[in-house]
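This chain uses plain numbering: 1 for the first residue, then up along the sequence.
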Amino acid sequence: MNLWPRFQLEKEAPEEVDIRVPILEVMDGCMKEMRKTKWWWRLRRRRRVGMGRLDRERTRRRVGMGFKLRPELTNNNDEVEEKEEMASAAIFSSLRRRRSPSLEAFLAPVDLTDVALVQTLASLTAEIVSSFSDMRFYFQRKNSRSLVRKMEVFLVLLEYMRDSGLSLSWTTELCLKELYLLLYRSKILLDYCSQSSKLWLLLQNHSISGHFHDLNQEISTLLDVFPMEDVELGDDVREQVELLRRQSRSAKLFIDKDDEALRIRFFRFLDQFENSQIPDPDELRSFLVVRLRIQDPKSCRNEIEFLEEQIVNHEGDNEPTVGVLNGFVALTRYSRFLLFGFEEDEVELGRGTLKKLRKGILSQEIADTFITIPKDFCCPISLDLMRDPVIISTGQTYDRRSISRWVEEGHCTCPKTGQMLIKTCIFPNRALRNLIMQWCTAHGIPYDPPECTESFVVASPTKAALEANRATAALLIQQLANGSQVAKTVAAREIRLLAKTGRENRAFIAEAGAIPHLRTILLSVNPVAQENSVTAMLNLSIYDKNKSRIMDEEGCLESIVEVLRFGQTTEARENAAATLFSLSAVHDYKKRIAYVEGAIEALAGLLREGTPRGKKDAVTALFNLSTHIDNCARMIEARAVTALVNALRNEGVAEEAAGALALIVRQASGAEAVGNEEMAVAGLISMMRCGTAKGKENAVAALLELCRSGGATTKEKVVKAPSLAGLLQNLLFTGTKRARRKAASLAREFQRCENTVIHYGGLAVGYALAGNSATSRDSALSGDVSVQMAIPVPVL
């Protein structure tokens, strides 16, 4: 007996509906009518899923190191059944974040006729059946097969309707459009299970099982409201559909016991590292090679890369957490080298990098229109459109994900200014976010700002991850010392990647003795080995204590400079320059670096002829070196001054170049060298006119010092520059505090030279910022120059 009365929709057609309205809006009117009936609420009560209650269940019931859902022991069978159905609460948004089809896939084909709609649904269902009916799913086998069999029944129904040429009532058409959405979600889930990594599917065993159960519930609801009496079906087709409805209605959440046992076993390996124990190699081999069929280095590396991608795309409310995922990445990396060794073929080794992370819909849309994005809307770290702009303690704005990752990697300075981060609090820049949303709307770019909190989302490394990485580092350094050339290259690459994140990793890698072995590879004839070794040095040098280890290692600094001069790849030379910048953060090392043969000359050459990133690395290194008073002569001798003057015309590095020149001209010899450059004054004047706020600061500071230290000829060249007076007037009113102070001082120099009084808005220049005295002039060199500084650690 059928206990589920079917809602009898009115036979009269409703008011005409605009076919351009998405299906969810069309359904709204129908839902309002259906909710007036008692049976609808009985159906909804039975289908209801409680997300908040499920989250609490997950929090309370922890088994081992993972979360396991189970109903509480109770004598009330109805309550048990309700709790089991609650386990289906898993949202599709987690799947859509990673692998989303185009937006049109989630809107029903509202512009199709009856025949075309049925044909479209039949083609889509046939595609699903043909693609997945013979596919071997490694996990979620039973759930996947069950879903494919349901698709086969829908295919029988749709093919019968197509071949019969039946006309559709508006209620039938409405249900078929909802079926279209259901079919696409089924295809996405099956694709996800067939293409995701094995370890990730294992970790998401409960969640993905919930997705399958959700689809079962949706199929049941759809068949309950499908107007069977309006469609003339054959008896055999009707029986299959009725059977499918009964089966979907009685379906329970299914979690494969074998899959669950493997998941718990995976957590136990991590638990061993958490307790400072090294897992048994035989057990690791049995788990990865025998049970999961991960049988070669390439497969293992793909698993690692997939897990790392999930960390990058992780949302705060998802399980497992970033800390746990980092532990599994470390465990898998350790197993990769323990079980499969270090030998790789040249094709795979030539990659030398992680695969580029797959871009989502938003990133792909932005990539097509990147050149039109206003500069202020782009994050200074990622150079991509900011989705969630936030302000840090230095006043700079970044995308939340980028700045959180920057801090997580161990940095404690502002990427743009180089200032220390006194506080780790961040605040949403709502005004900028609204401007970005308006711009995206005007240009047709989808923009969906995420939910945000008011602090950095930084996951502290778990003990398990640290211990696994420490064990991996020991294996890598052993290969650096005694392995073959290929093994050394692989080990250098992995140390480079391991040192990319986390100060703890950088600390124990250096403590284990990696630096001397990396130094020997710096001059390797193998370009991949050289590039990986110098980048590993760069990543290690970010940790302050490692700077002294690198500088104290005999011949290490000279080898880095040699790579800068004669490196076999562009990236190797750029990373060598970035390494010198990182090392020069220590004042005592600046003179030593500058007087290494060819160091300044190579940086100047990179600034003249390098890529945009290479020029940035070179100019920041030159700026750091110019803050040491004894390096001025070397800068002039190596023709670095000429390179810095020419860089004033390059928007990407002009700000830093002006800052370096402002330091160099403090000495008479430096001022003379800059004054002799034909384009120096014109370049600084142009910077005052069109540069950034800090660029204008540096430019006016450099011109002021030229007037004071460059002699009469240079001073005359400055004060006679076209439009100087107007630029000074503008800077006095609109510049930063430091820029106004420097502009007032330069205006006095201008006034003395011209022997005339210049008034701005009725006030004499002598009134403005009279505090600019010799005391302020004698301030620290670096403190008087404002410049963007960042240590670029490439994600390769």
What verdict does the side chain to side chain contact (heavy atoms under 4.5 Å, CB included) test give for Leu518 and Leu540, after you've listed the backbone C-alpha separation in whole Å, the side-chain angles of each residue and the deciding distance to 0.1 Å? CA-CA 11 Å; Leu518 289 172; Leu540 291 173; 3.8 Å; yes

Run the side chain to side chain contact (heavy atoms under 4.5 Å, CB included) test against Lys615 and tell me which residues pass, sequence neighbours left out. Leu607, Asn650, Val653

If the condition is salt bridge (Lys or Arg N to Asp or Glu O under 4.0 Å), which residues does Glu553 pass it with, not counting sequence neighbours? Arg519

Does Leu557 reach the side chain of Ile550, with side-chain heavy atoms less than 4.5 Å apart? no

List the steps, then state whether side chain to side chain contact (heavy atoms under 4.5 Å, CB included) holds for Ser626 with Asn631. CA-CA 6 Å; Ser626 64; Asn631 288 344; over 6 Å; no

Taken to the nearest 0.5 Å, the spacing of Asn575 CG from Leu538 CG works out to 5.5 Å

Are the side chains of Ile600 and Ile593 in contact, using a 4.5 Å heavy-atom criterion? no

I'd like to know whether Ile521 forms a side chain to side chain contact (heavy atoms under 4.5 Å, CB included) with Lys488, so could you lay out the CA-CA distance, the side-chain angles of the two residues, the decisive distance to 0.1 Å, and finally the verdict. CA-CA 8 Å; Ile521 308 178; Lys488 288 181 179 180; 4.2 Å; yes

Below 3.5 Å, can you tabulate the donor-acceptor pairs from side chains in residues 676-684 to any protein atom, sequence neighbours excluded?
residue	atom	partner	partner atom	Å
Asn676	ND2	Glu672	O	3.1
Glu677	OE2	Thr642	OG1	2.7

Within the 4.5 Å heavy-atom criterion, are Leu731 and Glu697 side-chain neighbours or not? no

What one should report as the nearest heavy-atom pair of Leu625 and Ala594 is CD2-N, 4.5 Å

Between the side chains of Gln530 and Ser524, is a donor N or O closer than 3.5 angstrom to an acceptor N or O? no

Atom CD of Gln667 and atom CD1 of Ile629: how far apart are they, to the nearest 0.5 Å? 4.5 Å

Once rounded to the nearest 0.5 Å, what's the spacing between atom OG of Ser582 and atom CD1 of Ile560? 9.5 Å

Run the numbers on Gln419 and Thr394 for side chain to side chain donor-acceptor pair (under 3.5 Å), then give the verdict. CA-CA 7 Å; Gln419 296 174 270; Thr394 61; 4.9 Å; no

For Thr611, which residues count as a side chain to side chain contact (heavy atoms under 4.5 Å, CB included) partner, sequence neighbours excluded? Thr570, Glu574, Arg613

If you draw a 6.0 Å radius around CZ in Arg639, do more than 12 non-hydrogen atoms from other residues or ligands fall strictly inside? no

Begin with the C-alpha distance, continue with both residues' side-chain angles, and end with the deciding distance and a verdict on side chain to side chain donor-acceptor pair (under 3.5 Å) for Asn546 and Ser541. CA-CA 5 Å; Asn546 288 345; Ser541 69; over 6 Å; no

CG of Asn539 to CD1 of Ile509: how many Å apart, nearest 0.5 Å? 9.0 Å

Under a 3.5 Å distance rule, please check whether Arg493 uses its side chain to pair with a backbone N or O of Asn532 as donor and acceptor. no

Between Arg506 and Lys500 (side chain of the first, backbone of the second, donor and acceptor by atom type, cut-off under 3.5 Å), is there such a pair? yes

Minimal heavy-atom distance between Met635 and Leu622, with the atoms involved, is CE-O, 3.7 Å

Taking every heavy atom of Gly695 against every heavy atom of Met687, the minimum-distance pair comes out as CA-CE, 3.3 Å

Contact between Arg433 and Pro428 at the side-chain level, heavy atoms closer than 4.5 Å - yes or no? yes

For Ala514 and Ile495, the nearest pair of non-hydrogen atoms, with its separation, is CB-CD1, 4.3 Å

Name all residues meeting the salt bridge (Lys or Arg N to Asp or Glu O under 4.0 Å) criterion together with Glu511; count only those two or more places apart in sequence or in a different chain, and write none if there are none. none

Determine whether Val390 and Asp399 make a side-chain contact, defined as any pair of heavy atoms from C-beta on separated by less than 4.5 Å. no

Sidechain-backbone polar pair: Ser709 side chain, Leu706 backbone, donor-acceptor under 3.5 Å: no

Do Leu663 and Phe623 come close enough that some side-chain heavy atom pair is under 4.5 Å? yes

Salt-bridge test for Asp388 and Arg401: reply yes if a basic N is under 4.0 Å from a carboxylate O, no otherwise. no

For Arg740 and Gly735, indicate whether the former's side chain and the latter's backbone hold a donor-acceptor pair under 3.5 Å. yes

Is there side-chain contact between Leu724 and Ile685, with heavy atoms separated by less than 4.5 Å? yes

Quick one: do Asn698 and Arg738 satisfy side chain to side chain contact (heavy atoms under 4.5 Å, CB included)? Show the steps, please. CA-CA 9 Å; Asn698 295 335; Arg738 176 177 173 272; 3.9 Å; yes

Quick check against the 3.5 Å criterion: does Arg573 have a side-chain atom that pairs as donor or acceptor with the backbone of Gly567? yes

Identify whether the distance between the nearest side-chain nitrogen and carboxylate oxygen of Lys616 and Glu656 falls below 4.0 Å. yes

Minimum-distance pair of heavy atoms, taken over all atoms of Ser669 and Ile636: O-CD1, 3.5 Å

For residues Glu705 and Ile664, determine if any side-chain heavy atom of one lies less than 4.5 Å from a side-chain heavy atom of the other. no

Rounded to the nearest 0.5 Å, the SG atom of Cys378 sits from the OH atom of Tyr398 at a distance of 14.0 Å

Could you pull out all residues at least two apart from Thr413 that satisfy side chain to side chain contact (heavy atoms under 4.5 Å, CB included)? Trp406, Met420

Selection residues 641-651 - residue pairs positive for salt bridge (charged side-chain N to carboxylate O under 4.0 Å, His left out), sequence neighbours left out: Lys375-Glu651

All side chain to side chain contact (heavy atoms under 4.5 Å, CB included) counterparts of Thr734, not counting sequence neighbours: Asn730

Salt bridge (charged side-chain N to carboxylate O under 4.0 Å, His left out) contacts in which one or both residues fall within residues 532-545, not counting sequence neighbours: Asp544-Lys547

How long is the span from the CG atom in Leu522 to the CD atom in Glu558, to the nearest 0.5 Å? 11.5 Å

N/O donor-acceptor pair under 3.5 Å between Lys717 side chain and Gly675 backbone: yes

Mind jotting down which residue pairs meet the ring pair (Phe, Tyr, Trp, His ring centres under 6.0 Å) criterion with at least one end in residues 583-611? Sequence neighbours excluded, please. His587-His628

Checking Glu601 now: which residues fulfil salt bridge (Lys or Arg N to Asp or Glu O under 4.0 Å) with it, not counting sequence neighbours? Arg634

Which residues satisfy the salt bridge (Lys or Arg N to Asp or Glu O under 4.0 Å) test with Asp630, sequence neighbours excluded? Lys591

Correct closest heavy-atom pair for Ala640 and Ala604 would be CA-CB, 4.0 Å

